[in-house]
Protein chains: 2
Amino acid sequence: MKNNKATIHDISRSLGIDSSTVSRALNGSDRVKDKTKELINKKAEELGYRKNIMARNLRMNRTFTIGVIVPRIDRHFFAKLIAGIEETAFNLNYEVIIAQSLDSLEREKKLLANMLNNRVDGLLISTTMETISYDHFDAYKDENSPIIFVDRPNKIGYNSNVIINDQETSLNATQHLIDNGYKNIVHFAGPQEVDLYKLRLAGYKAALEKNGIEFNEDYVIESRLMQEDGEKMAKQILELPNVDAVFAANDHAAIGAMKRLKEQGVKIPEDIAFMGFSDEPISEYIEPGLSTVKQPATLMGKEATSLLIGQIENKSGDIVHTKILDAELIVRNSTKKITA
Amino acid sequence: MKNNKATIHDISRSLGIDSSTVSRALNGSDRVKDKTKELINKKAEELGYRKNIMARNLRMNRTFTIGVIVPRIDRHFFAKLIAGIEETAFNLNYEVIIAQSLDSLEREKKLLANMLNNRVDGLLISTTMETISYDHFDAYKDENSPIIFVDRPNKIGYNSNVIINDQETSLNATQHLIDNGYKNIVHFAGPQEVDLYKLRLAGYKAALEKNGIEFNEDYVIESRLMQEDGEKMAKQILELPNVDAVFAANDHAAIGAMKRLKEQGVKIPEDIAFMGFSDEPISEYIEPGLSTVKQPATLMGKEATSLLIGQIENKSGDIVHTKILDAELIVRNSTKKITA
DNA sequence: ATAATTCATACAATCGATTGTATTGCATGT
DNA sequence: ACATGCAATACAATCGATTGTATGAATTAT
């Protein structure tokens with residue numbers, strides 16, 4: 001077990017060339033003669049030299065690392081997102097540090113501090129549902145490192161966002177239900193402190209209005225949109241009069257409700273149609289297939305990462321930018337047209 | 001934008017206390033008087049001091065970071081695995097650097113070099129299907145940093161493994177088919193260069209032998225086990241005589257085949273039963289539900305991480321250890337008992 | 001009262017690379 | 001032949017923390 005000790009100083013010593021020259025040679029500076037470079041590179045190879053990133057980081061005050069904080073890594077959307085992030089970061093020679101907040105604000109705060117401590121060059125974050133104030137991001141203001149909110153946008157003055165157009169997409173999704181003959185549409189809303197869920201509700205409302213359908217407050221049921229919430233809400237909509245469709249702010253809630261309703265003999269979509277949001281992998285496979293909105297998760301990760309690294313390297317300070325990507329309406333059997 | 005410059009030297013200067021004492025105080029050393037510690041901590045707080053991890057890393061020659069390389073982050077098993085890794089690492093105050101090989105050996109090599117360059121304190125890796133020689137791990141021998149193979153075990157002399165017992169589990173899965181009355185069982189095998197798929201085939205064979213069923217070479221079909229492979233194999237098994245069940249080395253292949261067969265009017269499980277492997281999320285939702293083997297992915301991540309960090313911190317050098325976790329047989333309708 | 005011990009802190013080297021400035025030697029122009 | 005300029009390399013400071021050793025003061029033992 002040789003201790004892999006070779007440093008530029010070892011090369012320097014064994015060649016009688018100053019370590020500054022060695023450093024420049026290894027970095028391809030044109031201040032070093034080609035012949036000398038060759039010598040140095042050969043010796044480096046020979047000694048199994050490997051640059052000490054920690055020393056470079058300290059001196060350059062950079063880490064070539066970006067931090068990523070998401071609620072849960074194993075949620076499909078975030079796994080896709082991270083896959084996109086990693087791919088782009090790899091291509092641009094950055095490392096990716098990952099952490100999950102587990103949807104806990106307290107943990108998010110800790111992770112944020114961690115990321116600061118670890119001197120990431122930039123941060124990508126998708127905040128928890130609990131995150132409704134942003135004081136804990138203040139520390140970032142004092143750094144010069146950029147921060148981008150993904151999926152759950154914010155404006156805290158010095159950040160960028162990469163999102164989809166939740167309102168417009170929700171309008172389209174609701175419109176699709178209306179186009180297919182559904183009129184009494186319940187909305188499974190998410191926590192209204194979260195911007196994105198507010199927008200989805202707004203899109204739903206806008207669609208109703210656009211089609212001259214009166215908005216009924218009782219038709220909006222708010223929850224955290226877990227599958228279990230969906231199961232509970234199934235009961236509630238059976239007690240409402242005339243409901244013929246549901247637009248859920250995510251797939252999980254829709255799937256939970258569908259499951260419970262099917263058990264009770266309700267036919268989908270004949271009795272009640274369902275439109276989800278997110279395109280979970282299972283949504284394609286349940287019976288009937290769940291119509292939904294597909295978020296371009298991997299693309300969002302890629303876009304966010306190149307935006308972030310662009311900001312890191314331009315250091316143009318306060319580029320604030322909001323990138324809106326298109327979401328795609330996926331039509332399956334849960335919203336089949338009513339053939340009266 | 002204050003440049004957040006405070007270092008131990010700033011504290012040292014403004015307090016007239018040597019920086020070494022400041023350092024010790026901030027690290028809670030008992031070589032500093034409590035009263036002095038208080039002073040220092042107060043001043044640190046006041047100056048918004050934040051330890052420079054890069055300097056510490058350089059000096060201590062450690063990063064408190066573990067590297068993770070998996071084929072794809074957005075594959076369910078790996079997302080779960082990583083979630084477990086991150087959680088444990090967080091609790092033990094380690095950071096996690098993530099990279100995906102995209103099942104390319106070439107990329108795996110690059111990532112491995114990257115991880116070395118970044119001086120991770122230890123490495124968790126699940127190798128690609130292409131990885132059948134291990135020369136590129138040699139560089140790790142020269143480091144003193146431990147490496148653990150997860151899910152796809154290896155013995156390269158200086159590593160540990162965290163795996164499930166693929167052979168035994170496969171035996172049980174096959175036995176379950178046999179117990180339910182199936183006798184002519186096809187095996188969808190994975191690439192036989194990969195140990196794990198070799199073991200699954202071995203388990204299948206062992207089950208046959210144990211039950212006095214003759215092994216038929218034609219009943220083993222090898223592929224890379226993508227869903228499309230499953231669809232192709234559906235045709236092949238229809239051309240074989242008497243097939244009444246399939247044991248697939250992963251769920252994807254099983255699902256592909258089931259889909260194609262259903263289209264052709266084959267009844268599952270009445271005509272052909274299916275047993276998968278991995279418990280993909282969709283396996284619960286397809287019709288019929290796919291019986292399968294559930295790998296404890298999150299637990300594997302946790303176990304691997306605490307094992308790894310244990311090795312890092314004990315530095316007991318060459319602890320080689322193989323941890324075998326239990327997989328669980330999940331019985332659904334695709335293997336329903338034959339009621340003659 | 002003095003030597004021995006302990007306690008609290010200061011001193012100074014170190015980790016390995018980067019980078020602004022200084023120096024040397026050589027070629028070029030006149 | 002001599003000043004000028006440039007090419008190539010050397011010198012030395014620096015990034016911010018850690019840590020072994022030295023020092024001085026305070027406490028204890030004898």
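Computation of the quantities below employed the complete heavy-atom set of this structure, encompassing side-chain atoms and omitting hydrogens, waters and symmetry-equivalent molecules. Proteins get letters first, then strands, A, B, ... in listed order; numbering begins at 1 in each.
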Fill in: Modelled atom types, side-chain donor and acceptor of A/Gln100 and A/Asp74, under 3.5 Å
no
Worksheet item: Distance only, no hydrogens: is a donor on one side chain within 3.5 Å (strictly under) of an acceptor on the other, for B/Thr131 and B/Glu108?
Response: yes
How many whole angstroms separate atom [atom1] of [X] from atom [atom2] of [N]?
{"X": "A/Met60", "N": "C/dC15", "atom1": "CE", "atom2": "P", "answer": "22 Å"}
{"X": "B/Ile8", "N": "C/dT9", "atom1": "CD1", "atom2": "C1'", "answer": "14 Å"}
{"X": "B/His9", "N": "C/dT14", "atom1": "NE2", "atom2": "P", "answer": "16 Å"}
{"X": "A/Leu26", "N": "C/dA17", "atom1": "CG", "atom2": "P", "answer": "9 Å"}
{"X": "B/Leu15", "N": "C/dA10", "atom1": "CG", "atom2": "C1'", "answer": "14 Å"}
{"X": "B/Glu38", "N": "C/dA8", "atom1": "CD", "atom2": "P", "answer": "14 Å"}
{"X": "A/Lys33", "N": "D/dC6", "atom1": "NZ", "atom2": "P", "answer": "19 Å"}
{"X": "A/Arg13", "N": "C/dG16", "atom1": "CZ", "atom2": "C1'", "answer": "12 Å"}

Worksheet item: Are B/Ser20 and C/dA12 close enough that a side-chain N or O sits under 4.0 Å from OP1 or OP2?
Response: no
Worksheet item: Mapping A/Asn61 and B/Asp18 onto DNA chain D by nearest heavy atom, which one lands closer to the 5' end?
Response: A/Asn61
Give one of base, sugar-phosphate or nothing for [X], where a contact means two heavy atoms less than 4.0 Å apart.
{"X": "A/Val22", "value": "nothing"}
{"X": "A/Asn57", "value": "nothing"}
{"X": "A/Ile17", "value": "sugar-phosphate"}

Worksheet item: Would you call the rings of A/Tyr134 and A/Phe149 parallel, tilted or perpendicular, where under 30° means parallel and over 60° means perpendicular?
Response: perpendicular
So which protein nitrogen or oxygen atoms get under 3.5 Å of nucleotides 21-28 of chain D's nitrogens or oxygens?
{"unit_1": "D/dT21", "atom_1": "O4", "unit_2": "B/Arg31", "atom_2": "NH2", "d": "2.3"}

Discussion item. Between the base of C/dC15 and the side chain of A/Thr7, is there a donor and acceptor pair under 3.5 angstrom?
Written reply: no
Practice prompt. Specify the closest pair of heavy atoms between A/Arg62 and B/Met54, including all atoms of both residues, with the distance to one decimal.
Written response: O-SD, 3.9 Å
Practice prompt. Count the heavy atoms of every other residue, nucleotide or ligand shown that sit under 6.0 Å from NZ of B/Lys37, and state whether that count exceeds 12.
Written response: yes
Response to the item:
Regarding the side chain of A/Leu58, the nearest nucleotide among C/dA17, D/dC15, D/dT9 is D/dC15
Worksheet item: Is the backbone N or O of B/Ser20 less than 3.5 Å from a side-chain atom of B/Asp18, with the two atoms forming a donor-acceptor pair by type?
Response: yes
Response to the item:
Closest to the 5' end of DNA chain C, once B/Val32 and A/Ser23 are matched to their nearest nucleotides, is B/Val32
Worksheet item: If we only count heavy atoms from C-beta on, is the A/Ile98 to A/Ile73 side-chain gap below 4.5 Å?
Response: yes
